[in-house]
Amino acid sequence: MARAQHWLLKSEPFKYSWSQLMTDGKTHWDGVRNYEARNNLRAMTVGDLCLFYHSNEGKEIVGVAEVVRAAYPDPSSKDDWSCVDVSPVVPFTAPVSLDAIRNRKALAAMQMLTRNRLSVTRVTAAEFRTLLKMGETALP
DNA sequence: GCCAACGTTGGC
DNA sequence: GCCAACGTTGGC
C-alpha cells in the first residue's frame, strides 16, 4: 500500500460525533463549504488516516478514521463541492485535548492550530505519530 | 452567549 | 480589483 496521508477532521459532536460514526460504521463527510477544506478533501485518497476532533464541545481528538471513498461531488449541494466517505478505525484510549496539543512543542506547527477555523486540515506523519502516542493508541 | 478571526460577497 | 460588510466558526 502506498504511504497514507494524514488529516484532521473537525466536527461538532452535536452535529456528528465520533460515537455516531462508530454506530454508523461509515459516513459521508459532506457539507464542507470552504475552498481550502475542499481542496484537502480532494487530495485525500482511500486509506488515508483522519484524526477525528470534536470542536466546541470536548475540544479533543477522540479517534482515528480512514478514508474509504475518495472525493466525489457533495450530494448536499448543487454547486461544486466535494465530500468523502470515512469509516472508524480505532478510538483513542486517551482523548488528546486542544490544550495538550498546544502544550506540545512538536505540534506547534499543526495546521489545525495555525488555521484554526479550517475544518479539514493536513497532519504530517510525525504529528500523527506523536498524537497516536499521546492518545495511548496503536493502529490495528 | 459573546466575541475575535477570517473567508466570502457585493458595491463601487 | 479593492475593500467594507457580512456570515460562519470555534474558543472561551
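All chains are named by letter (A, B, ...) in the order of the sequence lines, taking the proteins before the strands, and each is independently numbered beginning at 1.
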Review point. What are the two closest heavy atoms between Leu107(A) and Leu113(A), and how far apart are they?
Key: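 Where Leu107(A) meets Leu113(A) most closely, the heavy atoms are O-CD1, 3.5 Å.
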Review point. Are side-chain N/O atoms of Ser97(A) and Asp99(A) paired as donor and acceptor at under 3.5 Å?
Key: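 No donor-acceptor contact under 3.5 Å links the two side chains.
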Review point. Do Tyr16(A) and His28(A) meet the criterion of a side-chain donor-acceptor pair at a distance under 3.5 Å?
Key: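 No, because no side-chain N or O of Tyr16(A) sits under 3.5 Å from a partner of the opposite role on His28(A).
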Practice item. Let me know, please, whether Asn56(A) or Arg117(A) comes out on the 5' side of the other along DNA chain B by nearest nucleotide. Key: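 By nearest-heavy-atom nucleotide position, the 5'-most residue is Asn56(A).
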Point to revise | Matching residue for Phe52(A) among Phe92(A), Trp7(A), Trp29(A) - test: ring pair (Phe, Tyr, Trp, His ring centres under 6.0 Å) | key: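 Going through the options one by one, the only one that passes is Trp29(A).
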Review point. Tyr53(A) and side-chain contact (heavy atoms from CB on, under 4.5 Å): which partner among Val62(A), Thr121(A), Val96(A), Ile61(A)?
Key: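 That would be Ile61(A); it is the only one of Val62(A), Thr121(A), Val96(A), Ile61(A) passing the side-chain contact (heavy atoms from CB on, under 4.5 Å) with Tyr53(A).
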Review point. Checking side-chain contact (heavy atoms from CB on, under 4.5 Å) against Gln111(A), which of Val123(A), Leu8(A), Asn40(A) comes through?
Key: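 Exactly one option meets the side-chain contact (heavy atoms from CB on, under 4.5 Å) with Gln111(A), and it is Asn40(A).
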Check your understanding: Only one of Asp74(A), Asp80(A), Asp30(A), Asp79(A) clears salt bridge (Lys or Arg N to Asp or Glu O under 4.0 Å) with Arg38(A); which?
Key ->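 Exactly one option meets the salt bridge (Lys or Arg N to Asp or Glu O under 4.0 Å) with Arg38(A), and it is Asp80(A).
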Exercise for review: Tell me, please, the opening and closing nucleotides of DNA chain C, 5' to 3', among those with an atom under 4.0 angstrom from a non-hydrogen atom of chain A.
Suggested key: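 Contact span on the strand: dG7(C) to dC12(C).
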Check your understanding: Does any residue of residues 14-22 of chain A have a heavy atom under 4.0 Å from DNA chain C, and if so, which ones, in number order?
Key ->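 Heavy-atom cutoff 4.0 Å gives no residues at all.
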Check your understanding: Considering only heavy atoms, which members of residues 27-44 of chain A lie under 4.0 Å from some atom of DNA chain C?
Key ->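 Here the set is empty: none.
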Exercise for review: Indicate, with yes or no, if Trp18(A) and Val86(A) share a hydrophobic cluster defined by side-chain heavy-atom contacts under 4.5 Å among Ile, Leu, Val, Met, Phe, Trp and Tyr.
Suggested key: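 Yes.
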Check your understanding: If you group Ile, Leu, Val, Met, Phe, Trp and Tyr by side-chain heavy-atom gaps below 4.5 Å, do Leu139(A) and Leu131(A) land in one group?
Key ->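 Linked, Leu139(A) and Leu131(A) end up in one cluster.
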Review point. Which distance, rounded to the nearest 0.5 Å, do you find between the CZ of Arg117(A) and the NZ of Lys10(A)?
Key: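 It comes to 9.0 Å.
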